[in-house]
Every structure is written in structure tokens, then in C-alpha cells.
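The structure appears right after this line, and notes come after that.
Counting starts at 1 for both ligands and their atoms, in listed order.
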Amino acid sequence: MELKLRLKVFRYDPANGRQGFDTFEVEYEEGMTFLTAFHRIKENVDPSLTFRHFCRAGICGTCTVFINGFPKLACKEQVLPYILTQEEIIVEPLDKFPIIRDLAVNHEDVIERMKKFHTWIKEYEGEVRIPPQVSKRIEKAADCILCSACQSYCPQVLETEYAGPLFFAKFYRFLEDPRDRDKEYRFKEAVVEGHLYHCLSCDKCNSTCPKEVEPATLIRELMTYIKEHGQAKC
Ligand code: FES
């Protein structure tokens, strides 16, 4: 039996401001992902369809889109389970991000916040040994690929001062990492600048992270860490 994928894709053209949905039918190919389906549409039906991708292997985090209202990596998400259960699948750009065109959004805000929060290890001197048990704790947070699925699905991100799950996972990683020595700075950035305690504990970010970073779990661990190590300094 020939299987067909029916996609209702959000379109936005900045040249004329037109926005709405276009419906496309794509023939199923074995192992087909949503990213492959986008390429088939672009090659065979509408060359103007715009979407982002790079690695095609779930590593770069650039291909995230909303599929039936849930953020997914288009290069990892298989279409077959959708075809077997639904007539039409809705594909939209990441929520809470400015749309550039069709499924491509502007990530500038995330980049600016990364600069603001210094989400990298500052210079350190000499050799720093990371005990295996500490390495295991930071491993999870370090798996983040900056795909922004958690940011786009977090209801509290609408409060612009709230840093968001992506950044709290980073704060946790740096607080645990012995190479990052300015812990007081990290406490203040997380609590005062990032408004850590405005987290709603809804766990939506845990359910959406494609790398199982579990930002909500890390947020709770961050709160415990701050309580035990630095409450007085915040
Ligand atoms: Fe890199 Fe999907 S294209 S994560």
C-alpha cells in the first residue's frame, strides 16, 4: 500500500506579510523523517519553502519545529507513526521566537542571553581535575544542543526577565564544574538576573528536551545547590 504524508505547513512571507497554512502531500519513503519530507516538498513542489537544518543527525539543534503543537527535531522525528494515526499533521515554527520566513525563526535573543549570562567557562589556571562523580552530574546538562525546544515550550518564558530552562541547565552545569570558579557570580546571575524562582515547576521542559537534559530537574537541583552553598550571597 502506498503511504502518503499530508502536511499542513505554516507559511510566512516577509515580503508581503502573507501568512497562513499550505497543505502538501508527500509520498512516504522508508525511514522518512520530517526533515526529509521538507526536502521533498522543496525539491518537487515548492522551492520557496524555508526551514533550517545543518547536521541532520540530532546534534546541531537547528531544525526544531512544532509538530502538532509539540517541539521536535525535524531530522530525528520519524513520519511513519503520524501517517498511521493521523490524516493531517500540522507543522509550525518554534513558538515565542520571531519568524523570519516559514519555519525559520530568529535565535538572536538566545545568543544575546548567552553573551549576557557568560555561558562558558571563564579562564582558569593550571590543571583542574574533575572527579568522575562530578563529571557524571554535569554530563546531563552538557548534552544540551541549544535547540530551544524547552524555551519555546516553557509558559514562563513569556515573562521576558525570566532566563528560561535552557539557561538554568547551563547555570547548573557551571555551578557543578570545578573549572568555573566564580560561583557567587553564577548564583547572582541565576537568581537575581535570571529570576530562577519564577519557575512554575510545570515540567514541560523535561517532556520536550530531545536530549533528555531534563531542565526542570536541573532547576530543582540548582535551587537545592543554591540553598546549601550560597543562599546568603544572593
Ligand atoms: Fe542538526 Fe536536526 S539538523 S539537529
Side-chain angles (χ1 to χ4, degrees), residues 5-12 22 24 26-83 86 89-115 119-120 138-154 157 164-170 172-173 204-218:
L5 173 69
R6 193 174 154 87
L7 292 181
K8 192 172 168 185
V9 182
F10 180 85
R11 309 297 304 270
Y12 169 65
D22 283 342
F24 301 99
V26 185
E27 262 179 47
Y28 175 69
E29 299 164 19
E30 197 179 341
M32 185 179 239
T33 62
F34 277 86
L35 183 60
T36 313
F38 299 162
H39 278 293
R40 293 294 171 270
I41 295 169
K42 197 169 179 71
E43 288 158 6
N44 305 324
V45 187
D46 185 345
S48 72
L49 180 66
T50 304
F51 50 93
R52 282 189 200 276
H53 70 94
F54 188 63
C55 73
R56 299 183 182 212
I59 296 167
C60 74
T62 57
C63 66
T64 325
V65 291
F66 267 50
I67 298 172
N68 284 347
F70 201 76
K72 296 281 184 188
L73 292 182
C75 71
K76 267 185 76 184
E77 195 69 2
Q78 294 282 317
V79 302
L80 187 57
Y82 294 84
I83 298 179
Q86 289 151 50
I89 301 129
I90 298 171
V91 181
E92 295 165 286
L94 275 183
D95 193 19
K96 306 185 188 76
F97 283 75
I99 302 165
I100 297 172
R101 186 183 179 111
D102 298 341
L103 302 175
V105 298
N106 188 335
H107 290 267
E108 203 54 40
D109 182 56
V110 170
I111 294 165
E112 284 308 312
R113 284 177 191 233
M114 286 175 74
K115 289 184 198 160
T119 52
W120 54 85
I138 62 179
E139 215 168 70
K140 208 179 209 192
D143 276 347
C144 170
I145 56 171
L146 302 174
C147 70
S148 295
C150 60
Q151 290 290 106
S152 70
Y153 208 53
C154 168
V157 163
L166 186 157
F167 292 96
F168 293 125
K170 297 273 174 226
Y172 175 83
R173 183 225 187 288
K204 286 193 168 199
C205 51
N206 274 9
S207 66
T208 194
C209 175
K211 303 308 269 188
E212 294 172 14
V213 169
E214 292 188 25
T217 307
L218 298 183

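Salt bridge status for K42 with D46: absent, with no side-chain N to carboxylate O gap under 4.0 Å. D102 and R11 are joined by a salt bridge, as a carboxylate oxygen and a charged side-chain nitrogen come within less than 4.0 angstrom of each other. Taking a cutoff of 4.0 Å between a charged side-chain nitrogen and a carboxylate oxygen, E27 and R40 do not qualify as a salt bridge.
Note on ring orientation: taking the six-membered ring where Trp is involved, the planes of F51 and H39 are perpendicular (angle over 60°, cut-offs 30° and 60°).
Side chain to side chain, T119 and R173 fail the donor-acceptor criterion of an N or O pair below 3.5 Å.
Only protein N, O or S atoms were scored, and 2 of them lie under 2.8 Å from atom 1 (Fe) of ligand 1.
The salt bridge (Lys or Arg N to Asp or Glu O under 4.0 Å) check on E30 picks up nothing, with sequence neighbours excluded.
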